[in-house]
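Below: one structure, written as structure tokens.
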Amino acid sequence: MIMLDELNAQQRLAAKKIDGPLLILAGAGSGKTKTIIYRMAHMIRNLGIPASSILGVSFTNKASKEMRERMHALMGRRVGRDLTLCTFHSLCVQILRQDIDSIGRRKNFTIFDTSDQLSVLRRALKHFNAGKGFDRKTVISKIEKLKNLGIGENEFADSIYFDPEDPYDHATEYCYRYYQENLEFYNAIDFNDIILLAVQILKKNPQIATKYSKRFQYIMIDEYQDTNPLQFQLVQFLTSTHNNICVVGDDDQSIYAFRGADIGNILSFERQFKGATIIKLEQNYRSTAPILNLANAVIKENKKRTSKTLWTQKKSNKLPILWAMGDTEHEADVVAEEIAKMQMSGVHLSNVAMLYRSNTQTPPLEDALRLSSIPYKIIGGQKFYDKKEIKDLISYLSLILNPRNEVALRRIINVPNRGIGKTTLNKFLDKSKSEGMTLFKTMQNFPQVAGSRANLISSFVEIISVNSKNFKMMSLREAIGALIEQIDYLKYIEKEYSDTPKQIEGRKGDVYNFLEAATRFQNYMKEETSLKNFVEKLLLQDSQDSNDDGDDDGAGDGAGDGEGVNSKNEVSLMTLHSSKGLEFNTVFLIGVEEESLPHKRTIEQGEDISEERRLCYVGMTRAREELIMTYCKERTMYGKKVPRHRSRFLHSLKDSKLFVEQDRTTFGHLSEEEAEEYKDNFFASLIDSL
DNA sequence: GGTTATTATTTTTTT
DNA sequence: AATAATAACC
């Protein structure tokens with residue numbers, strides 16, 4: 001028997017409401033995950049619902065991993081194993097692997113990431129009009145938006161989204177088609193296609209839709225405010241036979257509109273699922289009252305939101321603080337100094353985080369921490385597989401997996417240098433076109449096209465085919481090792497970076513880490529290890545997945561595992577986006593200034609800064625006890641110093657007494673005595689350093 | 001075909 | 001300031 005006594009009244013209501021549509025509006029820190037876990041446990045243990053008929057969908061691997069771990073802790077491993085807890089993307093990849101042939105596509109597709117997309121787009125734009133300088137990223141984001149709305153490449157021109165006056169729309173029209181044709185020819189799909197094609201499968205094959213809907217009788221969606229229209233369609237198919245859907249979310253934490261999330265999905269849940277129950281979780285167990293008061297005041301300004309006010313029992317007389325700093329370096333130094341002080345007084349650094357709007361703010365903070373010898377960890381930012389070496393290796397693997405993948409082929413055809421340059425490549429591209437054959441097949445069948453370089457081509461083709469045999473015969477780890485050796489990749493790194501020797505070690509390290517990752521994958525997946533699964537996992541990895549050198553999971557059943565990604569004695573650094581779902585005793589909110597939060601691009605784009613406000617709200621509500629915000633009077637941007645001002649989000653509250661402002665460029669935050677002492681120390685250390 | 005110099009561009013957030 | 005794309009050179 002699972003006892004629900006540990007839940008509060010609202011949480012318990014939510015856990016007990018099993019049938020029909022349910023919307024749980026869960027404010028920040030209101031025990032959302034706990035409620036979901038108990039709800040599932042209650043269903044399985046008390047009501048005897050088979051775990052295998054329950055599906056829990058989240059957005060990040062980290063979220064589903066956490067859910068699984070907490071399920072294990074509560075009910076033991078066996079039950080957890082039968083539950084399906086996964087991300088939207090991994091769920092859809094499973095659907096595609098099973099049934100993609102039902103919409104006339106091949107099964108061994110590869111997944112294109114952003115850089116693959118960009119490389120196709122470059123060619124698309126060249127074809128469209130060699131002269132004009134269109135921005136590839138703008139075109140991509142237009143295409144993605146269309147895909148998220150479910151508009152195909154041939155439907156765009158006639159849709160209401162097409163503006164004949166806008167030259168970008170004409171470019172997009174052309175490129176969208178070119179892009180889709182190419183992807184299909186290469187047998188590749190992009191992130192949006194993962195969802196889009198899965199929905200298409202379900203749409204065209206009602207029996208398949210029914211199959212999945214029957215298999216998953218109870219469906220839960222986490223972070224529902226982040227779903228896009230396409231994901232909404234998917235949910236509709238999955239619930240078509242039973243309507244047992246429970247969604248959990250917080251409209252105030254919707255921060256992914258830029259990738260198509262539609263806050264309307266959560267706001268209109270009642271209308272879309274008839275007879276829905278709505279339960280609000282408003283008690284916050286995380287933050288102290290002063291922190292919550294400020295956060296509430298900030299978010300209150302937003303117009304479109306469900307009415308909901310968080311409250312807490314945690315009293316405190318520590319008001320949030322806003323520090324005015326001189327410039328970027330000053331900001332980093334002062335914060336680092338403060339953290340050093342905390343460390344001295346015995347604070348464990350896993351309880352401390354620095355949050356900021358964009359990744360570009362990371363380097364100066366990092367420098368300051370390093371100079372003060374404070375251990376830190378950057379979460380998110382550049383993904384492991386975004387590094388050049390890893391992309392190269394993955395391209396080899398993708399090509400081996402799917403020889404139609406021309407983007408991968410072009411990336412590595414001359415890496416390491418093997419004397420196959422632009423001219424030769426172009427010859428093969430022409431031939432490939434005239435024969436209507438994939439680029440790789442052309443190289444395989446007509447090496448003589450390269451003239452005197454024919455043997456170079458042949459030996460490249462040979463490398464690929466030898467290795468694809470290797471992957472069938474050896475273990476994953478061995479086969480990757482053999483590949484690296486055969487192409488002599490480590491030597492290539494040495495040569496390539498011979499003028500920046502400092503980098504060599506690190507880049508080689510990336511290669512070793514890659515091998516490590518393969519080993520870990522192999523140990524974890526056992527007989528399900530395959531190259532396909534491995535590459536897929538790498539590409540669907542999210543920014544909070546552990547790609548560190550370390551012992552992350554410890555494997556033993558953890559006794560009450562700690563919250564947060566980082567339990568080591570390290571400060572966590574991350575963007576506001578990646579901080580969602582986490583909490584820390586002390587939060588430094590860096591750069592709460594105009595053009596940063598709200599961001600310049602959003603201000604320029606027109607009026608809707610509500611998402612920026614939510615971002616600010618998310619950041620503030622990460623803090624349990626202490627919230628320290630900073631802004632600079634001057635910031636270095638694009639290598640130039642620019643004057644800056646405190647964010648409008650705080651400016652409008654400056655007389656509210658909800659926070660204190662201290663000017664750290666003077667000694668205004670100190671009493672006279674302290675200021676004297678500080679100055680003495682400062683000069684003393686200055687003299688020391690001379 | 002490969003290397004180096006110059007120029008352009010970037011920086012919002014990410015599955 | 002750092003990096004990538006392009007052009008010009010060897």
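Here is how names work: the chains are called A, B, and so on, in the same order as the sequence lines, proteins then strands, and each is numbered from 1.
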message: For a quick test of reading the model: is some side-chain N or O of A/Asn228 closer than 4.0 Å to OP1 or OP2 of B/dT15?
response: no
query: Separation of A/Gln225 atom CD from B/dT13 atom P, in whole Å?
result: 20 Å
task: Determine whether the aromatic ring centres of A/His577 and A/Phe258 lie less than 6.0 Å apart.
output: yes
task: Check every atom of B/dT15, B/dT14, B/dG1 against the side chain of A/His577 and return the nucleotide holding the closest atom.
output: B/dT14
Quiz item: A/Arg357 side-chain donor-acceptor pair to B/dT13 base, under 3.5 Å: yes
message: Can you classify the ring geometry of A/Phe534 versus A/Phe514 as parallel (below 30°), tilted (30 to 60°) or perpendicular (above 60°)?
response: tilted
query: Rounded to whole angstroms, how far apart are CE on A/Met637 and C1' on B/dT9?
result: 15 Å
field: Closest nucleotide among B/dT15, B/dT3, B/dG1 to the A/Arg259 side chain
entry: B/dT15
query: Which nucleotide sits closest to the side chain of A/Thr575: B/dT13, B/dT10, B/dG1?
result: B/dT13
task: Kindly determine whether A/Arg357 and A/Glu593 satisfy salt bridge (Lys or Arg N to Asp or Glu O under 4.0 Å), including the steps that lead there.
output: CA-CA 10 Å; A/Arg357 175 68 235 263; A/Glu593 56 200 39; over 6 Å; no
message: Using a heavy-atom cut-off of 4.0 Å across all strands, would you classify A/Asn414 as base, sugar-phosphate, or nothing?
response: sugar-phosphate
- request: With the side chain of A/Arg453 defined as its heavy atoms from C-beta on, choose the nearest nucleotide among B/dG1, B/dT15, B/dT11.
  value: B/dG1
message: In this structure, how many angstroms lie between the C1' atom of B/dT14 and the NZ atom of A/Lys145, rounded?
response: 14 Å
Selected nucleotide, minimal atom distance to A/Arg122 side chain, candidates B/dT12, B/dG1, C/dA5: C/dA5
task: Measure the distance from CD1 on A/Ile420 to P on B/dG1 and round it to the nearest whole Å.
output: 10 Å
side-chain N/O A/His89 vs B/dT15 OP1/OP2, d < 4.0 Å: no
message: With rounding to the closest Å, how many angstrom separate the P atoms on B/dT11 and C/dT6?
response: 16 Å
query: Once you round it to whole Å, what is the distance between C1' of B/dT15 and CG of A/Leu234?
result: 14 Å
- prompt: A/Phe258 on top of B/dT12's base, within under 5.5 Å and under 30°?
  reply: no
task: Side chain of A/Arg136 only, please: which of B/dT13, B/dT11, C/dA5 is the nearest?
output: C/dA5
query: Looking at the rings of A/Phe88 and A/Phe191, which for Trp means the six-membered one, are their centres under 6.0 Å apart?
result: no
- prompt: Please give, in whole Å, the distance from B/dT14 P to A/Tyr356 OH?
  reply: 10 Å
query: Hey, is the side chain of A/Lys62 poking within less than 4.0 Å of OP1 or OP2 on B/dT15, counting only N and O atoms?
result: no
task: Give one of base, sugar-phosphate or nothing for A/Lys640, where a contact means two heavy atoms less than 4.0 Å apart.
output: nothing
- prompt: Taking OP1 and OP2 of B/dT13, is either one under 4.0 Å from a side-chain nitrogen or oxygen of A/Asn359?
  reply: yes
Salt-bridge present (A/Asp116, A/Arg410; N to O < 4.0 Å): no
message: Considering every strand and a 4.0 Å limit on heavy-atom distances, what is the contact class for A/Asp226: base, sugar-phosphate, or nothing?
response: nothing
- line: Note: for A/Lys137 and A/Gly419 on DNA chain B, the residue whose nearest nucleotide lies more 5' is A/Gly419
message: Rounded to whole Å, please give me the gap between CD1 in A/Ile263 and P in B/dT13.
response: 21 Å
field: Interatomic distance, A/Asn61 CG vs B/dT14 P [rounded to whole Å]
entry: 15 Å
query: If you look at every strand shown and take non-hydrogen atoms under 4.0 Å, does A/Thr424 touch a base, only sugar-phosphate, or nothing?
result: sugar-phosphate
Residue A/Ser578, side-chain heavy atoms: nucleotide from B/dG2, B/dT12, B/dT14 that is nearest: B/dT14
- prompt: Mapping A/Gly421 and A/Lys600 to their closest nucleotides on DNA chain B, which lands nearer the 5' end?
  reply: A/Gly421
- request: Hey, can you tell me if A/Phe460 and A/Phe440 have their rings parallel, tilted or perpendicular (30° and 60° cut-offs)?
  value: perpendicular
- prompt: Picking from B/dT14, C/dA5, B/dT11, which would you name as closest to the side chain of A/Thr360?
  reply: B/dT11
- request: Let me know which of A/Lys580, A/Arg614, A/Arg305 forms a salt bridge (charged side-chain N to carboxylate O under 4.0 Å, His left out) with A/Asp252.
  value: A/Arg305
